[in-house]
Every structure is written in structure tokens, then in C-alpha cells.
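Below is one structure, written out as C-alpha cells; the observations come after it.
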Amino acid sequence: MPLLWIVTLLWAFSFSLIGVYLAGQVDAWFSALSRTLLAAIVFIPFLKLNSVNKELIIKLMAIGAVQIGLMYGFYYHSFLYLSVPEVLLFTVMTPIYITALNDLLNRSFNATFLLSALIAIIGAITIRYTELTSDYLFGLLLVQGANLCFAIGQVSYKRLSNHYQLVHHQSFGFFFIGASLVLAIGFILFGNPQQLPSTNLQWEILIYLGLIASGVGYYVWNLGLTRVSVGELAVMNNVLIPAGIIVNLLIWNREADLVRLGIGSAIIFAALLYSKLGTKGEK
């Protein structure tokens with residue numbers, strides 16, 4: 001659990017950096033691709049090709065392609081149809097996808113996981129709810145595509161780790177290679193080569209996001225999710241919402257409803273506590 005908290009704080013800063021300095025200024029496909037390429041560079045030196053079988057390599061690349069590659073494709077395009085508050089609101093469904101996918105694969109039903117995810121969603125909606133525009137259906141579907149991809153990647157990596165004796169740092173480079181292949185195709189097909197970073201600050205932010213937020217962040221997050229229950233993982237996916245708002249409020253002085261933030265955060269943490277107490281060590 002401490003690993004997930006660390007990454008939650010790390011990503012809370014990342015969202016503000018993207019929103020303030022990159023969004024609308026640097027091509028989204030290039031931003032995403034640069035992050036995964038830099039992250040891959042961090043882990044490629046640790047790859048042990050002789051100790052990782054081909055089947056595992058393919059699975060790791062496929063998980064990275066879905067969890068980051070396809071997820072970014074859906075997510076960045078959703079901003080063409082939705083306002084930022086709407087995108088944030090629609091991301092709260094990720095915990096439901098995580099619990100539903102896990103139950104489907106286990107051919108079982110875990111009421112504790114589902115209820116904790118529902119409570120976390122209520123807390124997140126309390127914080128982020130805003131009036132919706134009339135033309136949002138397609139944008140909603142895009143965000144749900146992103147949520148589903150992120151959920152599939154997390155559940156798949158957790159199950160893969162349970163099945164194989166992974167030495168995470170020696171195999172995680174394949175995860176980023178898979179993501180980079182998808183995003184490279186996306187940039188070639190849909191990217192705008194004329195909208196590359198134009199300032200040193202933008203390049204520095206991309207380097208930070210690639211090496212730290214993506215490289216260290218996804219590695220630590222995926223390592224952490226192998227050590228918690230599915231219910232705790234589902235809830236932690238929505239803890240990022242109050243964390244991101246707090247960071248944005250304190251550093252960039254953006255407006256936020258502190259009462260709703262407090263109530264929503266309390267609900268999410270209650271969901272986390274319920275999940276932790278209710279699962280009794282189940283993974």
C-alpha cells in the first residue's frame with residue numbers, strides 16, 4: 001500500500017504539470033510517446049532476455065500496450081469532446097471495471113470489492129461533479145475506453161505476477177516497449193509534427209514525466225498493486241482525484257470547493273478502510 005500512496009502523490013503533481021504547461025501546446029501523441037520511450041530507456045539496461053521466456057515477453061508488451069498505449073489514445077482524444085471537469089468526472093468508473101474484471105476472470109463475485117469501489121466512486125463524484133454539456137456522449141465513451149484499458153492492464157499485471165515469478169525490474173522494460181509501439185503508430189497516423197515542444201521548460205517537463213512519472217511511477221504502481229487486494233487497488237485508483245486537486249490548489253492556486261473536497265476525500269478513505277478491513281488479507 002505505501003507504494004501506491006507514493007505514486008498517487010507523484011501523479012497528482014504530474015496532472016497539474018500537463019494541464020498547465022503541455023495541454024493544447026504540445027501534440028498529445030508526442031507527449032505520450034516521449035514519456036514511454038524515456039521510461040523504456042530507463043528499464044532496457046535491466047532486461048534479462050535469457051531469463052524471460054517469449055510467452056512472458058509478449059504478455060508484458062501486450063499489457064503495456066493496453067494499460068498505457070491504448071489508454072492514452074482514448075484519454076487524450078476525449079478532450080476534443082469534453083471539458084476538463086467532465087473528463088475527471090468520467091474517470092471515476094475505473095474501480096468498477098477493476099472489480100468487475102477480477103470477478104469475471106475468477107468466475108466469482110466479491111461483494112466487498114464491489115461495494116468499496118462504489119463507495120470510492122461516490123466520493124470522487126462528490127468532489128468532481130459538475131454540470132454536463134449536451135454533446136458529451138462520444139467523449140464519455142472515449143473516457144470509458146481509457147478507464148477500461150487502464151483497468152485491464154492493472155488486473156492483468158496483477159494476475160501475471162501471481163502466475164510467474166517476476167523479477168520486476170528485469171522484465172518491466174517490455175511493458176514500456178509495448179506501450180511505445182502503440183503510441184508510435186498513433187503519432188504517425190494522428191500526430192501533429194508541427195506541434196512539438198517549443199521551450200526548454202516543456203522539454204524539461206517531458207523528461208521529468210518520462211523518467212520519473214512514467215518510468216518510476218508505473219513501475220512502482222504496478223509493483224505495489226501486486227501487494228494489495230483488488231478492493232484496495234480499486235479504491236486507490238480514485239484517491240488520485242482529491243490528491244490532484246489538493247496539489248493543484250496549493251501550488252497553482254486553482255479554485256476548488258474545499259467543503260466538497262473534504263467530504264469526498266473522507267468518503268474515499270472510508271472506502272479504503274472498508275476494503276482493507278473486509279478483505280482480511282485477500283489478494
Side-chain angles (χ1 to χ4, degrees), residues 3-4 7-8 10-11 14 18 28-49 51-77 91 94 97-98 101-102 105 142-143 145-191 206-227 230 233 236-237 240:
L3 296 179
L4 298 184
V7 183
T8 294
L10 181 67
W11 284 348
S14 299
I18 294 169
W29 287 105
F30 179 82
S31 295
L33 176 59
S34 64
R35 291 179 65 170
T36 57
L37 285 175
L38 287 169
I41 291 173
V42 172
F43 287 94
I44 284 176
F46 298 104
L47 290 181
K48 299 292 184 180
L49 296 177
S51 61
V52 181
N53 63 59
K54 293 182 179 179
E55 180 183 354
L56 179 57
I57 290 174
I58 293 173
K59 289 181 177 179
L60 285 167
M61 291 178 64
I63 292 173
V66 173
Q67 185 176 342
I68 304 182
L70 291 178
M71 183 271 289
Y72 274 147
F74 285 116
Y75 178 72
Y76 281 116
H77 279 86
T91 60
T94 305
Y97 296 139
I98 290 175
L101 284 168
N102 186 72
L105 293 171
L142 288 173
V143 176
N147 294 343
L148 186 58
C149 287
F150 194 51
I152 290 173
Q154 292 178 85
V155 173
S156 298
Y157 192 85
K158 184 173 179 62
R159 297 177 75 88
L160 189 73
S161 178
N162 291 337
H163 183 71
Y164 292 92
Q165 295 297 319
L166 287 180
V167 181
H168 297 275
H169 71 281
Q170 293 180 355
S171 58
F172 209 69
F174 297 115
F175 176 89
F176 288 116
I177 292 173
S180 297
L181 290 175
V182 171
L183 291 170
I185 294 172
F187 179 64
I188 292 171
L189 295 178
F190 307 111
L206 284 176
I207 292 173
Y208 165 79
L209 291 174
L211 298 179
I212 307 300
S214 289
V216 176
Y218 278 106
Y219 172 74
V220 174
W221 181 270
N222 279 27
L223 179 62
L225 66 83
T226 66
R227 302 178 180 180
V230 172
L233 173 62
M236 286 301 296
N237 272 260
L240 185 60

Query raised in the report: Nearest 0.5 Å, what's the NZ-NE2 distance between Lys59 and His163?
Result: 5.5 Å
Query raised in the report: Would you say the side chain of Val7 lies within less than 4.5 Å of the side chain of Leu3, judging by non-hydrogen atoms?
Result: no
Report summary line: Note: Val182 and Ala65 closest approach over all heavy atoms is CG2-CB, 3.5 Å
Query raised in the report: Can you name the nearest heavy-atom pair linking Ala151 to Tyr97, along with the distance?
Result: CB-CB, 3.7 Å
Query raised in the report: Below 4.5 Å, heavy atoms only, C-beta onward: do Tyr157 and Leu60 meet side chain to side chain?
Result: yes
Report task. Provide the closest heavy-atom pair for Phe74 versus Ala146 in the form atom of the first, atom of the second, distance. Result -> CB-N, 3.5 Å
**Report entry** Within-4.5 Å side-chain heavy-atom neighbours: Val216 and Val42
**Finding:** no
Query raised in the report: Out of curiosity, Leu209 CG to Ile18 CD1, how far, rounded to the nearest 0.5 Å?
Result: 5.0 Å
Requested in this report: Start with the C-alpha gap between Phe30 and Leu206, add the side-chain angles, then the distance that decides, and say whether side-chain contact (heavy atoms from CB on, under 4.5 Å) holds.
Outcome: CA-CA 10 Å; Phe30 179 82; Leu206 284 176; 4.0 Å; yes
Query raised in the report: About how many Å separate CD1 of Ile68 and CG of Leu33, when rounded to the nearest 0.5 Å?
Result: 12.0 Å
Report summary line: Rounded to the nearest 0.5 angstrom, the CD1-OG distance for Ile57 and Ser171 is 9.5 Å
Report task. Tell me, with the steps shown, if Leu38 and Tyr208 meet side-chain contact (heavy atoms from CB on, under 4.5 Å). Result -> CA-CA 9 Å; Leu38 287 169; Tyr208 165 79; over 6 Å; no
Report summary line: Residues at least two apart in sequence or cross-chain that pass ring pair (Phe, Tyr, Trp, His ring centres under 6.0 Å) with Phe174, listed by chain then number, are none
Report task. Please tell me if the side chains of Arg35 and Leu183 come closer than 4.5 Å, counting only heavy atoms from C-beta onward. Result -> no
Report task. Would you sort out whether Ile63 and Val66 count as a side-chain contact (heavy atoms from CB on, under 4.5 Å), showing the intermediate values? Result -> CA-CA 5 Å; Ile63 292 173; Val66 173; over 6 Å; no
Query raised in the report: How long is the span from the OH atom in Tyr72 to the OG1 atom in Thr36, to the nearest 0.5 Å?
Result: 8.0 Å
**Report entry** For the student: nearest non-hydrogen atoms of Ala213 and Ser14, plus distance
**Finding:** CB-OG, 3.3 Å
Query raised in the report: With a 4.5 Å heavy-atom cut-off, do Gln67 and Asn222 have their side chains touching?
Result: yes
Query - Test item: Tyr218 and Phe176 side chains (from C-beta on) under 4.5 Å apart, heavy atoms - result: yes
Query raised in the report: Can you tell me how far CG of Leu56 sits from CE of Met61, rounded to the nearest 0.5 angstrom?
Result: 12.0 Å
Query raised in the report: Under the 3.5 angstrom rule, does the side chain of Lys158 hit a backbone N or O of Leu225 as a donor-acceptor pair?
Result: yes
Query raised in the report: Does Ser34 use its side chain to pair, donor to acceptor, with the backbone of Ser31 at less than 3.5 Å?
Result: yes
**Report entry** Stepwise side-chain contact (heavy atoms from CB on, under 4.5 Å) check, Leu142 with Tyr75
**Finding:** CA-CA 7 Å; Leu142 288 173; Tyr75 178 72; over 6 Å; no
**Report entry** Of Phe172, Phe46, Phe175, the residue whose pairing with Tyr219 passes ring pair (Phe, Tyr, Trp, His ring centres under 6.0 Å)
**Finding:** Phe172
Query raised in the report: Less than 4.5 Å apart, any side-chain heavy atom of Ile152 and any of Met71?
Result: no
Query raised in the report: Can you find a pair of side-chain heavy atoms, one from Lys48 and one from Val167, that are under 4.5 Å apart?
Result: no
